[in-house]
Amino acid sequence: MSLPIRDELRNVSPYGAPQLDVPVKLNTNENPYSPPAALVEAIAKNVAAIGASLNRYPDRDAVELRAGLAEYIIRESRTTISHEQVWAANGSNEIMLQILQAFGGPGRKALTFSPTYSMYAEYARDTNTEFVAVARRDDFSVDADLIVSAMTIHRPNVIFLASPNNPTGTAMDLEVLDVVLKAAPNTIVVVDEAYAEFRRKGVESAVTRVSRHPNLVVTRTMSKAFAMAGVRLGYLVSSVEMVNALQLVRLPYHLSTVTQVVANTALNFADDLQKDLEQIRTARDEFVNWSAQNGFDTTQSDANFVLLGQFSDRHAAWQALVDRGVLVREVGPDHWLRITIGTASEMEILKKALLEVKGL
Ligand SMILES: Cc1ncc(COP(=O)(O)O)c(C=O)c1O
């Protein structure tokens, strides 16, 4: 007997990339470097220190962690914010779901620009929010004309703009954001900056705009740059009003004490992680050049991944790479594959495999 599940969930597969056991995993945009040994040690010590108090619920408002995140953002993006403008949850996924729980719902609409992160459609489905995806320009960018005209036609309550965008790596010019914010004072504008720390020099973060626009939400995560995908810690920088609104829909004690302590410990190592980030950025730029020299198309990327093409049969190319021990992601526009930047040795294996599958 089938269960009386909601119609929109019938015959639907759960989100997720295949988790195959191959030597080179370049499919989920993780940081390829393990956390440094000193951080692992500090985590063990700090978690042990709160062990005896785990019979108590966590700090519901995660005040210490939010203060640490605010300090990090102030340093990282050279802007001024307070911890009351920061909200944290189990991954930026949970943050964005909370945004639609508070600002979406029946009779309301979310807008995005595709190809983009496929979870936006799922947050919308799960909150009964109507969802519209308008195509990006041919080079995968978005500009003010495109966004403002889509807003005029569709009148969304919430807009999701990923910058750098997944799966294309494209960053949005902040002049575009300024025009959108001016045109949409009553729309919640979410700039998803999951990959912000990988941006190239001169690319500014949207967190520099939050203090002027209470409807602007910038989401960030510790899953990528902080090498903490296993911790599940995402956060937003926005207005105090936005944080108050999300506190209405969050589950009680949603962020475990262990998560809060581990995330806070990792924040103390932000400077130590810079070396790995620099290596990833350099490897990305080198890979983009290598791809062009070897007859592949790529996008200019401000993230820790690159969209690479073009294959006449991308599934065959994906499978041929798996057969060579390299797992990449079959996502985004036809004929392209998304490849996460790995360690130097992983990139060597990848390049060799790519040359072998090139004609597919
Ligand atoms: C664009 C984008 N936003 C958000 C996320 C979710 O990240 P988190 O691990 O913080 O939930 C991802 C994960 O891959 C992503 O690509």
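The residues of the chain are indexed from 1 along the displayed sequence. Because the structure is predicted, anything quoted here is derived from the model rather than measured. Each ligand, and each atom within it, is numbered from 1 in the order the structure gives.
- If you look at Asp192 next to ligand 1, the close heavy atoms, those under 4.0 Å, all belong to the side chain.
- Glu278 CD: more than 12 foreign heavy atoms inside a 6.0 Å radius.
- When non-hydrogen atoms are compared, ligand 1 lies under 4.0 Å from the backbone of Ser92 as well as from its side chain.
- With Arg284 as the fixed residue, the side chain to side chain contact (heavy atoms under 4.5 Å, CB included) test singles out one of Asn304, Thr340, Val306: Val306.
- Not close to ligand 1: Met119, with no non-hydrogen atom less than 4.0 angstrom away.
- The six-membered or imidazole ring of Tyr117 lies away from that of Tyr195, with a centre-to-centre distance of 6.0 Å or more.
- Residue Asn29 has no nitrogen or oxygen atom sitting less than 3.5 Å from a nitrogen or oxygen atom of ligand 1, judged on distance alone.
- Residue Asn93 has at least one N or O atom closer than 3.5 Å to an N or O atom of ligand 1.
- In this pair, Phe296 and Trp290 present their aromatic rings parallel. The plane angle is below 30°, not in the 30 to 60° band.
- Using a 4.0 Å cut-off between charged side-chain N and carboxylate O, Arg324 and Glu356 make a salt bridge.
- At a heavy-atom distance under 4.0 Å, only side-chain atoms of Arg232, from C-beta outward, approach ligand 1.
- The shell of residues lying under 4.0 angstrom from ligand 1, judged by heavy atoms, includes Lys224.
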